[in-house]
Amino acid sequence: MKVLGIETSCDECSAAVVEDGEKILSNIIATQIPFHAPWNGVVPEIASRKHIEWIYAVTKEAIDKAGLDVKDIDAVSVTNRPGLLGSLLVGLTFAKAFSWARGIPFIAVDHMLAHLYAPRLTGLGNDKPEYPFLGLLVSGGHTIICRADNFDEITVLGTTIDDAVGEAFDKVAKFYNFGYPGGSVIDKMSQSGDSSAFNFPMPSLHKGDHRYDVSYSGLKNAVINQLDIFKKKKNAHSNEDIAASFQKTAVNILLRALLNAAEDTGLSTIVAGGGVAANSYLRSCLAQQTHLRCIFPPIELCGDNAAMVAGIGYHYLRRGEQSEFNVTASARVSGFKKKYP
Ligand code: KG4
Ligand code: ZN
């Protein structure tokens with residue numbers, strides 16, 4: 001079965017064709033970074049408009065690159081939650097129109113579950129995880145530690161109680177004018193920085209009900225509050241030192257919650273997904289946990305892409321499930337973010 005995937009939940013306009021949930025025939029990702037960079041963050045209105053302008057051409061390119069004709073597409077899978085509402089609606093509406101025009105089924109899927117599915121795609125040289133495993137979903141909007149028993153069956157163990165980890169990278173980069181997008185810029189800068197130059201605090205969130213939860217607003221504010229002091233003592237430390245010290249603490253917060261979950265559940269396979277899963281320091285820290293098997297998607301599948309959407313969609317469709325034309329988009333999914341206390 002050849003499934004067309006459509007992903008427009010944030011600022012990547014992506015379409016892909018995946019065969020039988022595994023083999024990527026094409027995966028076109030048109031990034032809007034240059035359009036959001038002047039604002040140092042995603043502007044929802046611009047994102048929706050760019051998706052409307054691009055979605056047809058991106059989808060055509062995905063079908064062409066797969067060496068197929070529209071008639072060869074058997075079904076459509078599209079992200080309808082969570083994400084920026086206007087952006088989601090563009091992809092969802094396009095997918096419905098495609099499905100209706102071709103008389104083929106379509107399925108609306110969860111973006112975070114799709115991220116967790118990414119390492120199961122083949123043709124990429126990665127090893128495939130078996131269920132159950134511990135999921136680490138780290139993106140610009142979410143930070144989730146979960147137990148995964150199937151592609152559509154997760155139990156959320158921990159989440160952020162305020163900001164997502166990717167959001168913290170983006171905000172710190174924005175305040176220090178490091179560049180955009182913040183995560184990859186900080187990752188690169190950190191490689192030549194001294195991570196012990198600044199001692200940023202860890203949240204006191206590691207007990208009881210919050211054993212697997214994380215918090216980033218305290219760290220974000222501590223780093224931002226350092227800005228004035230930092231500017232005055234410019235010669236003492238470099239931008240790279242700030243970046244590396246922040247990144248070390250941000251990753252340590254994740255590791256503490258994740259290792260608690262691994263110990264308590266006895267699950268020793270960890271599957272990471274989402275944009276922050278591209279982070280080189282997170283990858284190297286987890287590689288050092290030799291008692292755990294840590295599986296990361298290849299870098300090109302960590303960020304938003306339609307291949308993961310087509311891949312997971314296949315499994316619903318194979319079970320005979322499909323969405324109705326009145327299905328709508330949701331900005332949020334309940335349970336993906338915890339409140340404190
Ligand atoms: O999954 P994703 O592409 O979009 C969302 O679903 O949010 O994740 C985007 C997030 C952004 O916050 C970006 O700064 C972060 O992933 N990111 C990184 C890296 N590459 C992207 N964060 C840390 N290190 C990276 N190398
Ligand atoms: Zn994402």
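For ligands, and for the atoms within them, numbers begin at 1 and follow the listed sequence. Position 1 is the first residue of the sequence; numbering continues from there.
- With 3.5 Å as the limit, one finds a donor-acceptor pair spanning the side chains of His115 and Asp304.
- For the residue pair Asp170 / Tyr180, no side-chain donor-acceptor distance below 3.5 Å is found, with atom types taken as modelled.
- Atom OG1 in Thr59 sits 10.0 Å away from atom CD1 in Ile28 (nearest 0.5 Å).
- Proximity to His111 (heavy-atom distance under 4.0 Å) selects the following atoms of ligand 1: 6 (O).
- Compare Gly41, Ala118, Gly275, Ser190 by their heavy atoms: the one nearest to atom 20 (N) of ligand 1 is in Gly275.
- Ring pair Phe198/Phe246: centre-to-centre distance not below 6.0 Å.
- Counting heavy-atom neighbours within 6.0 Å of Asn150 CG, excluding the residue itself, gives a total above 12.
- In His115, the part holding a heavy atom less than 4.0 Å from any atom of ligand 1 is the side chain.
- Taking only nitrogen or oxygen atoms, main chain and side chain alike, Ser280 does not reach within less than 3.5 Å of ligand 1.
- Taking the side chain as every heavy atom from C-beta outward, Ile63 and Asp69 never approach each other to under 4.5 Å.
- Nearest to atom 2 (P) of ligand 1 among the protein's heavy atoms is Asp304 OD1, 3.3 Å.
- At the shortest separation from atom 26 (N) of ligand 1 among protein heavy atoms lies Asp187 OD2, 2.9 Å.
- For atom 23 (C) of ligand 1, the closest non-hydrogen atom of the protein is Asn279 ND2, 3.5 Å.
- The N/O atoms of Gly166, backbone and side chain alike, include one that comes under 3.5 Å of an N/O atom in ligand 1.
- Within the 4.0 Å heavy-atom shell around ligand 1 one finds Ala278.
- Between Ser195 and Gln247, the side chains place no donor N or O within less than 3.5 Å of an acceptor N or O (distance only, hydrogens not considered).
- For the Zn ion (ligand 2), the set of protein N/O/S atoms nearer than 2.8 Å consists of His111 NE2, His115 NE2, Asp304 OD1, ordered by chain and number.
- On a distance-only criterion, Gly140 and ligand 1 share at least one N/O pair closer than 3.5 Å.
- Results of the side-chain contact (heavy atoms from CB on, under 4.5 Å) test with Leu286 over Gln289, Arg283, Gln288 single out Gln289 as the only residue that passes.
- Taking 4.0 Å as the cut-off, Gly141 counts as a neighbour of ligand 1 on heavy-atom distance.
- Here the side chains of Leu84 and Ser9 are not in contact, with every heavy-atom distance at 4.5 Å or above.
- In Glu12, neither the side chain nor the backbone holds a heavy atom less than 4.0 Å from any atom of ligand 1.
- Closest to atom 15 (C) of ligand 1, if we only count protein heavy atoms, is Val276 CG2, 3.9 Å.
- Sorted by first and then second residue, the ring pair (Phe, Tyr, Trp, His ring centres under 6.0 Å) pairs involving residues 131-159 (not counting sequence neighbours) are Tyr131-Phe133, His142-Phe336, Phe151-His315, Phe151-Tyr316.
- When hydrogens are left out, the protein atom nearest atom 12 (O) of ligand 1 is Asp170 OD2, 2.7 Å; that is the closest non-hydrogen contact.
- Here the heavy atom of the protein found nearest to atom 22 (N) of ligand 1 is Gly183 CA, 3.3 Å.
- At a 3.5 angstrom cut-off on N or O pairs, Gly303 does not count as close to ligand 1.
- Judged purely by distance below 3.5 Å, without hydrogens or angles, the side chains of Ser217 and Asp163 never pair a donor atom with an acceptor atom.
- Of the residues listed (Thr160, Ile253, Asp213), the one engaging Thr143 in a side-chain contact (heavy atoms from CB on, under 4.5 Å) is Thr160, and it is the only one.
- For the pair Ile104 and Ile73, the minimum side-chain heavy-atom distance is below 4.5 Å.
- Ser139 is not listed as a side-chain neighbour of Val276, based on a closest heavy-atom distance of 4.5 Å or more.
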